[in-house]
Amino acid sequence: MNRRDFIRTSLAAAATAAGSALMRGALPAAAATAGRAASAPSGGKQKILVLTGSPRREGNSNTLASQFIRGAQEAGHEVARFDAALKKVNPCSACGRCGMNGPCVFNDDFSFVREHLVPANVVVFATPMYYFGISAQLKAVIDRFYAVNGEIHVPKRAVLMMTYANSAASEAQPIISHYELLLSYLGWRDAGQIIVPGVWPVGAINGTRYPDRAYQLGKSI
């Protein structure tokens, strides 16, 4: 059985178990949470999880995240922010103990992500480009999605905000492709991308149009 078939089988088994519990009048809490996330309206108050990957507190991608959050909060949405580079998140060790839908062997700050990721209607990824990829700190968080895989294959929207030093559009494509493939796998829908070239020193993004674009995207999400 290949990996994709295994995942489909695992999700089908989880759905069958949830259906059996429903027949008994006791839907599991995890399934109930996933159902709420799936049925949340695209309009109205949204639960938003913002994941950042920059180790620079005032970094350019963090500026985008802060402006997006400002707009989203002004629009009345509920926002949780997780700065991966300032937290303790162990990389996935591929032990398989979680079964792709259970407790992780690591007791670290990913517990916050897990708490907010499952019910989120919108997930925002904000990262600088490091060596032509997502920052390692954010990638470690994404890899740990494995432990909640069965709960996050529900309709959600996502946003990508990325900054990089050079100006060639081709250099941004690997991160964009990774993001779009992740959404395709999870069944999520893209709600916007803000790709910012030509920024490197801290604060380089200030004075450009991009912080306002992030603010407006947050306000319109």
Side-chain angles (χ1 to χ4, degrees), residues 42 46-87 89 112-113 116-117 120-145 152 156-186 188-221:
S42 57
Q46 304 287 291
K47 292 184 177 181
I48 303 172
L49 174 62
V50 177
L51 302 171
T52 77
S54 177
R56 305 194 297 185
R57 291 181 183 272
E58 303 300 325
N60 297 304
S61 61
N62 277 342
T63 296
L64 294 178
S66 296
Q67 291 302 309
F68 177 93
I69 290 170
R70 183 169 72 90
Q73 289 178 332
E74 287 183 10
H77 302 310
E78 177 184 331
V79 183
R81 175 173 180 161
F82 186 81
D83 296 307
L86 307 179
K87 303 295 184 181
V89 177
F112 178 92
V113 177
H116 292 88
L117 174 63
N121 308 115
V122 181
V123 180
V124 179
F125 302 93
T127 183
M129 177 192 290
Y130 281 173
Y131 244 77
F132 305 100
I134 294 170
S135 75
Q137 294 90 339
L138 181 56
K139 183 59 167 61
V141 171
I142 295 171
D143 286 349
R144 292 279 296 279
F145 283 15
I152 60 175
K156 297 181 187 290
R157 292 183 294 155
V159 168
L160 173 64
M161 298 189 292
M162 187 267 284
T163 60
Y164 65 114
N166 292 341
S167 58
S170 60
E171 294 182 4
Q173 194 55 51
I175 291 179
I176 296 171
S177 295
H178 183 180
Y179 165 77
E180 292 177 345
L181 183 59
L182 179 65
L183 266 56
S184 175
Y185 166 67
L186 291 170
W188 297 0
R189 180 167 58 88
D190 177 44
Q193 300 178 24
I194 299 178
I195 310 300
V196 186
V199 292
W200 191 353
V202 170
I205 200 169
N206 297 332
T208 72
R209 66 184 184 277
Y210 294 106
D212 184 64
R213 285 184 57 189
Y215 167 75
Q216 295 297 337
L217 180 56
K219 199 164 186 178
S220 66
I221 201 71

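Side chains included, hydrogens not; waters and symmetry mates left out as well; all remaining heavy atoms used. Index from 1, following the sequence.
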[X]: which residues meet the side-chain hydrogen bond (donor to acceptor under 3.5 Å, both in side chains) condition with it, sequence neighbours left out?
X    : result
E171 : N166
Q73  : none
D212 : none
S184 : none

(message) Checking I176 now: which residues fulfil side chain to side chain contact (heavy atoms under 4.5 Å, CB included) with it, not counting sequence neighbours?
(response)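 Side chain to side chain contact (heavy atoms under 4.5 Å, CB included) check on I176 returns L160, A172, Q173, E180, Q193, I195.
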(request) Check the side chains of R213 and Q67 for a donor-acceptor pair under 3.5 angstrom, ignoring hydrogens and angles. (result)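 Checked: Q67/R213 side chains show no N/O donor-acceptor pair below 3.5 Å.
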(message) So does M161 get a backbone contact from the side chain of Y179, meaning a donor-acceptor N/O pair under 3.5 Å?
(response)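 No; judged by distance alone, with no hydrogens or angles, the pair does not exist.
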Any side-chain heavy-atom pair of [X] and [Y] under 4.5 Å:
X    : Y    : answer
R157 : N121 : no
I142 : F125 : yes
T127 : S61  : no
I152 : F145 : yes

(request) Please collect all salt bridge (charged side-chain N to carboxylate O under 4.0 Å, His left out) contacts where either partner lies in residues 77-86, sequence neighbours excluded, each pair once. (result)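 Listed once each, the pairs are R81-D83.
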(request) Any salt bridge (charged side-chain N to carboxylate O under 4.0 Å, His left out) involving residues 130-142? Give me the pairs, sequence neighbours left out, ordered by first then second residue. (result)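 Output for this query lists K139-D143.
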Going by the rule salt bridge (Lys or Arg N to Asp or Glu O under 4.0 Å), which residues pair with [X] if we only count those two or more places apart in sequence or in a different chain?
X    : answer
R144 : D108
R70  : E74
D190 : none

(request) Give the minimum heavy-atom separation between V202 and E58, together with the two atoms involved. (result)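 Residues V202 and E58, closest heavy atoms: CG1-O, 3.3 Å.
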(message) Could you report the tightest heavy-atom contact between A204 and N60, atom names first, then the distance?
(response)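 For A204 and N60, the tightest heavy-atom pair comes out as N-OD1, 3.2 Å.
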(request) Mind checking ring pair (Phe, Tyr, Trp, His ring centres under 6.0 Å) for F82 and listing every partner two or more places apart, or none if nothing turns up? (result)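 F112.
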(request) Rounded to the nearest 0.5 Å, what's the gap from NE2 on H178 to CG on L183? Could you check? (result)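 These two atoms lie 10.5 Å from each other.
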In a table with atom names and distances, give each donor-acceptor pair under 3.5 Å that connects a side chain of residues 129-138 to protein atoms at least two apart or in another chain.
| residue | atom | partner | partner atom | Å |
| --- | --- | --- | --- | --- |
| S135 | OG | G53 | O | 2.8 |
| S135 | OG | L138 | N | 3.4 |

(request) Kindly check if the number of other-residue, nucleotide or ligand heavy atoms within 6.0 Å of CZ (R57) is above 12? (result)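 Counting other residues, nucleotides and ligands, CZ of R57 stays at 12 neighbours or fewer.
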